[in-house]
Amino acid sequence: MAQTSKYIQGLNPAQRDAVLQTGGPVLVLAGAGSGKTRVVTQRIAHIVSKKLAEPSEILAVTFTNKAAGEMRERVSKLIGKKLGSEVVLSTFHSFCLQVLRQHIEHLGFRKNFTIAGEGDAHTIIRRVLDDLDGVRESFSPGAFRAQISLAKGANGPADIARDVTDAEADPDGVALQDKYLVWLPEISERYQSALRAANALDFDDLLSYVLKLWDEHPRILARYQKRFKYVMVDEYQDTNPVQYALVRRLVAKHENLCVVGDDDQSVYGWRGADVRNILDFEKDFSGAKIITLGQNYRSTKTILAAANAVIAHNKERRIKKTFTQLKEGRAIDWMVVGDDEHEAKLAAAWLKNVREKATARYSDFAVLYRSNNQSRAFEIAFRNAQIPYVVIGGQEFFERAEVRDIIAYLKVLANPRDEPSFLRVVNMPRRGIGDKTLHAVHDLCREQGLPFAKGLALALKEGRVSGPAEHGVGEFLALLTEFRPRLRDGREGLADLVGELVQRIAYKAELERTSKSLEHAGLRWENVEAVIQAVEAYEQSAANPTLHGFLDESSLNSDADRSSKDERRKTGVTLMTMHSAKGLEFPFVFIAGCEEGLVPHERSVRDGAIEEERRLFYVALTRAKRHITLFEALSRNRHGREKMCETSRFLSEIPENLINKRIHAAKDMVEARVQPNKGQPRPRKTSRRAAKAQGKLGA
DNA sequence: AGACCCAGGTTTTTT
DNA sequence: ACCTGGGTCT
């Protein structure tokens, strides 16, 4: 140990290599459960302790705030709180936001720009489509939004242009659903200029504008290159082309780049992640060292063998051997059930059974499914069986209408040009300001390049606002003029001010007026109170709290709910999608809906994305430490129709000796299965009832 | 402005 | 089945 760092103790040889290999580009291929986070954190500690760099000269990038938080905690445990806090450890987006808060004026934005969330982006696109004849009727805003985001993450507008030229060159070759590509450049351009006019950036802009900044201002880039002697990227298989380009620029000087990831766990291709980044690493960074962390510390031999066998069917991958020294464990159980209801009921009974036999806690179990709507049956069954549970996913806190209302007020106060936010609050609560007034003001602003609030004031002064709107406009302007300086000068508490603002607009009364029931209004009011609490929490934690600081944090932290969910996860069964399960582990994992159409999903089959679906199934399997139960339904309620299902192809890829198949469904249904589509027509109810009756025998 | 009705769509999610 | 969004009527 004489000359090695104390931070390599207790590591296996591969992990040690990864920690010690600090110079030059390194790819750490970290199989599931191979102690990846441990390697990254110890590597940072090693660099600091060997004085290879100051903590502030190390940049570690993750994808989620949660991952960043956990990593910071673990680094702090190793090198102390003070040094730990100096390491630049953040998500791609928050790192880029910091860069832009300093330099955005080079790109023609004002320093007080706001971030347009998904809701804002949607609103802008809707308005863009309204201005274009005939587009709104044929296409939904969502399709454009998704496509624009993809293009911006891919390589900027150039990619859109190329797609469209292809489409125009061969109009007949374009599938009907791709016809909207023709509209894309126009809409994309209008969307971008609307954002620019609003002095706002969407999430993709945060990244691509940093790239632009660095490319147009090499001296700014040089400062960052010089500062960050060591750069690490977690979950590298999830990076998109823009993120790849950012990393590439940043490390061009020192070339001390360490990326960590697992190509077999790349499940975000549909949102722009490019597996080639990890597959081609040594081509992109010459002289790269590749270190494989193959030892799995999580799962039994059975589970790992099953997962390995499944993933071996993929062609596009780096072959890596993963192994475990843990014991054999119990065979995987494969439950064949009648339908989705039966699936959930059997799962509940089976769960209780396993919990008792293994003296496990509810929190040791997770139910994983492909799509969120599958949670419903489990929620009902678990409630009936008195099994505590938490559903992860669904609507995010900051996307709820009442929360967005309050945030929109704050955004307008922070950035008077923020048009989507402005339009959201100008007549909320009702002030008699309708379309007529807004159109007039909008034109005025466009003519003179004024922020909305200024335009509103001018319109009022010039008598362009008439009738009931006049009073309302005056009231609204008074609100802005009063609160803007008070929020800006920082003499009063932020949370207090927000509370006062909410009072002033009589928001509680507004909720009571617009809600279906008083109870519903109460729930929504709780969310408003939660916003104020979030402001308070931010004020406590930030060194120098500002309104912008809070808005930035809440934009980039849409999962403010997360901590409360994490708390509840400690007491109950976790219900979530396979995607959200990535990075987590549970002693007992139930995988629901192992059928063609769900895993792999029918749309992925159509798009030819089978390998990604297989990786998703692999992720699901490798979440389990002790035991997996697979559920397969013979028929399933899809969009209100009962449909016969076929077994997921992935189940046949698991060696038979690792599986214990049990048929719980009614015999006649199993027989009907032999010829799935030609089976004699049978009233749906009958088979359902049969399945239910049989369900009681389960477990 | 708000209630009501019909049509369409429906994977995965973070920032 | 269920939710959203848009259009229409009061």
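Labels below follow one simple rule: chain letters A, B, ... track the order of the sequence lines, proteins then strands, and each chain is numbered from 1.
A cation-pi arrangement is present between A:Arg271 and A:Tyr268 under the rule of less than 6.0 angstrom and at most 45 degrees off the ring axis. Taking the centre and axis of the six-membered ring of A:Phe113, the NZ or CZ atom of A:Arg101 falls inside the cone set by 45° and 6.0 Å.
Within 4.0 Å (heavy atoms only), A:Arg638 reaches no atom of the nucleic acid at all. At the heavy-atom level, A:Glu118 lies under 4.0 Å from base atoms of the strands shown. Residue A:Phe92 is classed as having no contact, given no heavy-atom separation below 4.0 Å to the nucleic acid. Contact annotation for A:Arg376: backbone-only contact, meaning every heavy-atom pair under 4.0 Å involves sugar-phosphate atoms and none involves a base.
Atom CD of A:Gln374 is separated from atom P of C:dA1 by 18 Å (rounded to the nearest Å). Summarising the geometry, the separation between CG on A:Leu246 and C1' on B:dT15 is reported as 14 Å, rounded to the nearest angstrom. The nearest whole Å value for the distance from the CD atom in A:Gln237 to the P atom in B:dT12 is 21 Å. Distance A:Lys152 NZ to B:dT15 C1': 13 Å, rounded to the nearest Å. Rounded to a whole Å, the CG atom of A:Asp202 is 13 Å from the C1' atom of B:dT14. Whole-Å rounding puts the A:Asn557 CG to B:dT13 P distance at 18 Å. Between the C1' atom of C:dT4 and the CZ atom of A:Arg126 lies a distance of 10 Å, rounded to the nearest Å. At whole-Å resolution of the value, CG in A:Asn373 and P in C:dC3 are 12 Å apart.
The one candidate from A:His601, A:Glu595, A:Glu613 that meets the side-chain hydrogen bond (donor to acceptor under 3.5 Å, both in side chains) condition with A:Arg370 is A:Glu613.
Side-chain rings of A:Phe422 and A:Phe476 approach one another, their centers coming within less than 6.0 Å.
In the set B:dT15, B:dT12, C:dC3, the nucleotide with an atom closest to the side chain of A:Arg370 is B:dT12. Of the candidate nucleotides B:dT13, C:dC3, B:dT15, B:dT15 has the atom nearest to the side chain of A:Thr64. Of the candidates B:dT11, B:dT13, B:dT15, the closest approach to any side-chain atom of A:Trp270 belongs to B:dT13. Listed nucleotides B:dT11, B:dT15, B:dT12 differ in distance to A:Asn65; the shortest reach to its side chain belongs to B:dT15. Set against B:dT12, B:dA1, B:dT15, the side chain of A:Arg430 has B:dA1 as its closest nucleotide.
By the stacking rule of 5.5 Å between ring centres and under 30° between planes, A:Phe63 does not stack on the base of B:dT14. Once the 5.5 Å centre distance and the 30° plane angle are applied, the aromatic ring of A:His601 is found stacked with the base of B:dT11.
Contact annotation: A:Ser555 side-chain N/O to B:dT15 OP1/OP2 distance is not under 4.0 Å. The side chain of A:Asn240 contributes no N or O atom lying less than 4.0 Å from OP1 or OP2 of B:dT14.
One side chain, A:Asp202 or A:Tyr191, offers a donor N or O that lies under 3.5 Å from an acceptor on the other.
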Check: Stepwise, does the side-chain hydrogen bond (donor to acceptor under 3.5 Å, both in side chains) test hold for A:Tyr224 with A:Arg249?
Finding: CA-CA 10 Å; A:Tyr224 287 97; A:Arg249 303 281 191 292; over 6 Å; no
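Aromatic ring pairs are classed by plane angle as parallel below 30°, tilted from 30° to 60° and perpendicular above 60°; the pair A:Phe228 and A:Phe95 is perpendicular.
Here A:Asp263 pairs with A:Lys320 under the salt bridge (Lys or Arg N to Asp or Glu O under 4.0 Å) rule; sequence neighbours left out.
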Is there any protein nitrogen or oxygen under 3.5 Å from a nitrogen or oxygen in nucleotides 4-10 of chain B, and what are the pairs?
| residue | atom | partner | partner atom | Å |
| --- | --- | --- | --- | --- |
| B:dT10 | OP2 | A:Arg603 | NH1 | 3.4 |

